[in-house]
Engineer: 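Handing you this structure, nothing more for now.
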Amino acid sequence: MIAAQLLAYYFTELKDDQLKKIDKYLFSMRFSDDTLKDLMSRFKREMEAGLGRDTNATATVKMLPTFVRSIPQGSEKGDFIALDLGGSNFRILRVKVTQDKKQPVQMESQVYETPDDIIHGSGSQLFDHVADCLGDFMEKQNIKDKKLPVGFTFSFPCAQTKLDEAVLVTWTKKFKASGVEGADVVKLLNKAIQKRGDYEADIMAVVNDTVGTMMTCGFDDQRCEVGIIIGTGTNACYMEELRHIDLVEGDEGRMCINTEWGAFGDDGSLEDIRTEFDREIDRGSLNPGVCSFEKMISGMYLGEIVRQILIDLTKRGFLFRGQISETLKTRGIFETKFLSQIESDRLALLQVRAILQQLGLDSTCDDSIIVKEVCGTVSRRAAQICGAGMAAVVDKIRENRGLDHLEVTVGVDGTLYKLHPHFSRIFQQTVKDLAPKCDVTFLLSEDGSGKGAALITAVGCRQRELDAQQH
Ligand code: G6P
Ligand code: BGC
């Protein structure tokens with residue numbers, strides 16, 4: 001054998017032996033079909049608990065009513081502003097909806113920065129910033145003299161009793177501005193706009209990003225009755241029968257429910273599948289003790305889970321020659337976008353190694369193989385448990401309607417879903433396996449949730465006109 005072949009042989013041998021040990025080590029993060037089925041049933045029970053009058057208070061999955069009662073009808077029209085705050089971008093849009101067959105929706109948008117000192121400062125600083133950006137946008141659009149209806153996509157859990165009132169239950173993801181939890185964000189924004197005094201705005205609707213996504217996709221596909229976000233955070237919404245929603249009056253028709261599924265497991269009910277790494281990232285997070293399900297799935301956390309595992313594997317001597325570098329100790333260094341890159345099938349091991357080296361992780365070829373395996377295990381687990389949640393949602397819709405077979409479309413958005421090379425496939429396969437009586441089409445939202453927020457605002461405007469006529 002020539003030297004190069006010998007070297008390759010040596011690496012393969014080493015790899016196989018180590019991989020077996022790594023495989024064993026990662027075992028607790030790989031789920032059987034039975035575990036996933038069980039997870040789906042548990043989630044279904046939590047949804048029921050969230051909807052029930054007597055069980056809502058203690059349920060982790062809050063099943064928040066949104067006061068959105070139907071998907072787009074196609075008859076919406078008008079000129080709207082949409083604010084989109086809470087994902088990786090803060091965006092302001094102008095959305096014109098017409099009856100034009102060729103191009104019914106026209107949008108112009110601008111992305112604004114949300115620096116850390118603002119999202120972690122005081123509530124009034126945050127809403128002053130939003131009002132300033134809105135002022136800038138209206139100036140640029142030359143509409144400062146108009147009082148356009150505004151739809152506000154606010155991607156956090158909010159308790160609503162009507163479309164234009166939303167009390168923040170708790171901050172999630174990267175946000176932690178003081179004095180906002182427990183307050184109505186419409187009031188806070190109105191106050192900030194009035195303080196400036198140079199323009200007016202009519203905030204007609206507050207919309208979760210899942211709901212905005214469902215509506216955006218529902219405009220093109222009337223069967224879209226579910227929305228899901230798999231991005232910085234994760235969540236899902238769907239059309240529920242009003243008769244099942246104990247917290248809202250009335251029995252006729254349907255209402256969109258924002259499940260806020262990220263909180264699933266906050267009562268300890270997922271402890272059998274959480275690992276020491278999940279607990280470690282929880283301890284180091286901005287909001288310890290909450291968002292258990294979200295922290296196992298979404299983009300804000302997957303990279304951190306991988307980093308925790310890499311530290312542990314290094315301590316055990318499996319990686320990086322047993323040396324824990326300062327880089328590896330740095331929180332946030334392993335962003336989820338690196339998972340997506342490392343897991344790409346198009347990337348050769350040498351390129352994986354180059355990424356690790358760019359990150360300051362001095363790796364061998366074997367290290368690269370192990371890191372890729374760890375990334376694959378963490379993202380697969382995320383996609384599967386997220387799929388179990390989605391399977392529970394679509395199967396509940398099917399049962400609600402007493403159908404043997406349901407055809408439904410799910411509107412999807414979020415950077416993790418869009419950028420990761422395998423997440424969407426594993427997620428969709430899990431839904432198919434766990435909910436075989438549902439034929440689910442996944443529709444990627446290309447336009448973000450701002451478009452959906454504008455469509456909901458259009459419905460809000462029409463309702464307000466009707467109410468005015470009746471009084
Ligand atoms: C869409 C919406 C945002 C939403 C985001 C989630 O683009 O317009 O409101 O929060 O998806 O994605 P991200 O990956 O940025 O968290
Ligand atoms: C929030 C949800 C949101 C999701 C996706 C979660 O952290 O609680 O309201 O829909 O992130 O952005």
Side-chain angles (χ1 to χ4, degrees), residues 50 60-66 82-93 95 107 109-112 114 119 130 151-160 166-176 180-181 185 206-217 226-238 256-264 266 285-287 290-303 335-337 339-340 382 386 389 393 411-420 423-424 443-456:
T60 55
V61 178
K62 284 296 177 207
M63 306 294 278
L64 301 167
T66 64
L83 298 173
D84 192 349
L85 180 74
S88 36
N89 285 318
F90 168 36
R91 193 184 293 272
I92 304 187
L93 307 93
V95 187
M107 300 201 290
S109 73
Q110 187 168 340
V111 171
Y112 289 89
T114 42
I119 61 177
V130 173
F152 185 9
T153 304
F154 185 65
S155 311
F156 301 97
C158 286
Q160 297 191 264
V167 174
L168 176 66
V169 177
T170 175
W171 284 119
T172 58
K173 299 176 282 192
K174 299 183 175 139
F175 282 65
K176 196 111 190 118
V180 187
E181 288 170 337
V185 295
V206 181
V207 177
N208 187 261
D209 51 356
T210 52
V211 185
T213 298
M214 181 186 82
M215 296 299 273
T216 298
C217 295
V226 184
I228 179 171
I229 300 283
I230 307 165
T232 316
T234 183
N235 189 15
C237 72
Y238 72 103
C256 179
I257 286 289
N258 166 14
T259 64
E260 284 297 332
W261 76 11
F264 180 36
D266 287 359
S285 68
L286 273 177
N287 51 357
V290 295
C291 299
S292 312
F293 195 52
E294 172 162 279
K295 286 173 183 166
M296 294 171 84
I297 296 174
S298 74
M300 183 158 163
Y301 307 100
L302 292 195
E335 290 174 49
T336 299
K337 68 175 183 210
L339 245 87
S340 297
C386 192
V393 170
V412 195
D413 208 343
T415 38
L416 177 60
Y417 186 89
K418 283 181 170 168
L419 299 183
H420 192 279
F423 195 103
S424 56
L443 191 61
L444 203 57
S445 162
E446 302 292 353
D447 298 322
S449 48
K451 177 173 160 184
L455 295 168
I456 295 170

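Source: prediction; values computed, not measured. Counting convention: from 1, in listed order, for ligands and their atoms alike.
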Engineer: How many angstroms lie between atom CD1 of Ile229 and atom CD1 of Ile297, to the nearest 0.5 angstrom?
Structural biologist: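 That separation rounds to 13.5 Å.
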Engineer: Between ligand 2 and Asn208, is the shortest N or O to N or O distance under 3.5 Å?
Structural biologist: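 Yes, Asn208 has an N/O under 3.5 Å of an N/O on ligand 2.
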Engineer: Can you check whether Thr153 reaches Asn208 side chain to side chain, under 4.5 Å on heavy atoms?
Structural biologist: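 No, every pair of side-chain atoms sits at 4.5 Å or beyond.
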Engineer: Do Thr415 and Ser88 have side-chain heavy atoms sitting under 4.5 Å apart?
Structural biologist: yes
Engineer: Check whether any side-chain heavy atom of Phe293 lies under 4.5 Å from a side-chain heavy atom of Thr60, and answer yes or no.
Structural biologist: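 Not in contact.
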Engineer: Report yes or no: do Thr234 and Glu294 form a side-chain donor-acceptor pair below 3.5 Å?
Structural biologist: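 No pair is found: no donor N or O on one side chain lies under 3.5 Å from an acceptor on the other.
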Engineer: With heavy-atom distances below 4.0 Å as the criterion, list the atoms of ligand 2 near Phe156.
Structural biologist: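 That gives atoms 9 (O) of ligand 2.
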Engineer: Taking atom types as modelled and ignoring hydrogens, do the side chains of Asn235 and Asp209 form a donor-acceptor contact shorter than 3.5 angstrom?
Structural biologist: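 Side chains of Asn235 and Asp209: no pair found under 3.5 Å.
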Engineer: Out of Thr172, Thr234, Leu168, Asp413, whose heavy atom sits nearest atom 1 (C) of ligand 2?
Structural biologist: Thr172
Engineer: Applying a heavy-atom distance cut-off of 4.0 Å, which protein residues contact ligand 1?
Structural biologist: Asp84, Gly87, Ser88, Thr153, Ser155, Asp209, Ile229, Gly231, Thr232, Asp413, Gly414, Thr415, Gly448, Ser449
Engineer: Distance alone, cut at 3.5 Å: any donor-acceptor contact between the side chains of Ser285 and Lys295?
Structural biologist: yes
Engineer: Which ligand 2 atoms are under 4.0 Å away from a heavy-atom of Ile229?
Structural biologist: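 So the answer, numbered in order with elements, is 5 (C), 12 (O).
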Engineer: Considering heavy atoms of the protein only, find what lies nearest to atom 6 (C) of ligand 2 and give residue, atom and distance to 0.1 Å.
Structural biologist: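 Closest protein heavy atom to atom 6 (C) of ligand 2: Glu294 OE1, 3.0 Å.
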Engineer: Using the salt bridge (charged side-chain N to carboxylate O under 4.0 Å, His left out) criterion, which residues pair with Lys451? Sequence neighbours excluded.
Structural biologist: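 Partners of Lys451 by the salt bridge (charged side-chain N to carboxylate O under 4.0 Å, His left out) criterion, ordered by chain and then number, come out as Asp447.
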Engineer: Does the residue Gly262 have a heavy-atom contact with ligand 2, meaning some pair of atoms that are separated by less than 4.0 Å?
Structural biologist: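 Distance cut 4.0 Å: Gly262 fails for ligand 2.
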Engineer: What protein heavy atom is closest to atom 4 (C) of ligand 2, reported as residue, atom name and distance in Å?
Structural biologist: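 So the nearest neighbour among protein heavy atoms is Asn235 CB, 3.7 Å.
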Engineer: Report the member of Asp209, Val169, Asn287 with the shortest heavy-atom distance to atom 12 (O) of ligand 2.
Structural biologist: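 Looking at heavy atoms only, the winner is Asp209.
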Engineer: What about the rings of Tyr238 and Trp261, do their centers lie closer together than 6.0 Å?
Structural biologist: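 No, the ring centres sit 6.0 Å or more apart.
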Engineer: Have a look at ligand 2 and work out which part of Thr232, if any, has a heavy atom under 4.0 Å from it: side chain, backbone, both or neither.
Structural biologist: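 None of Thr232 does.
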Engineer: Between Phe423 and Ile230, is there a side-chain heavy-atom distance shorter than 4.5 Å?
Structural biologist: yes
Engineer: Among all protein heavy atoms in this structure, tell me which lies nearest to atom 2 (C) of ligand 2, with the distance rounded to 0.1 Å.
Structural biologist: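 Going atom by atom, the protein heavy atom closest to atom 2 (C) of ligand 2 ends up being Glu260 OE2, 3.3 Å.
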Engineer: With no hydrogens and no angle check, just 3.5 Å: does a side-chain donor-acceptor pair link Ser292 and Asp266?
Structural biologist: yes
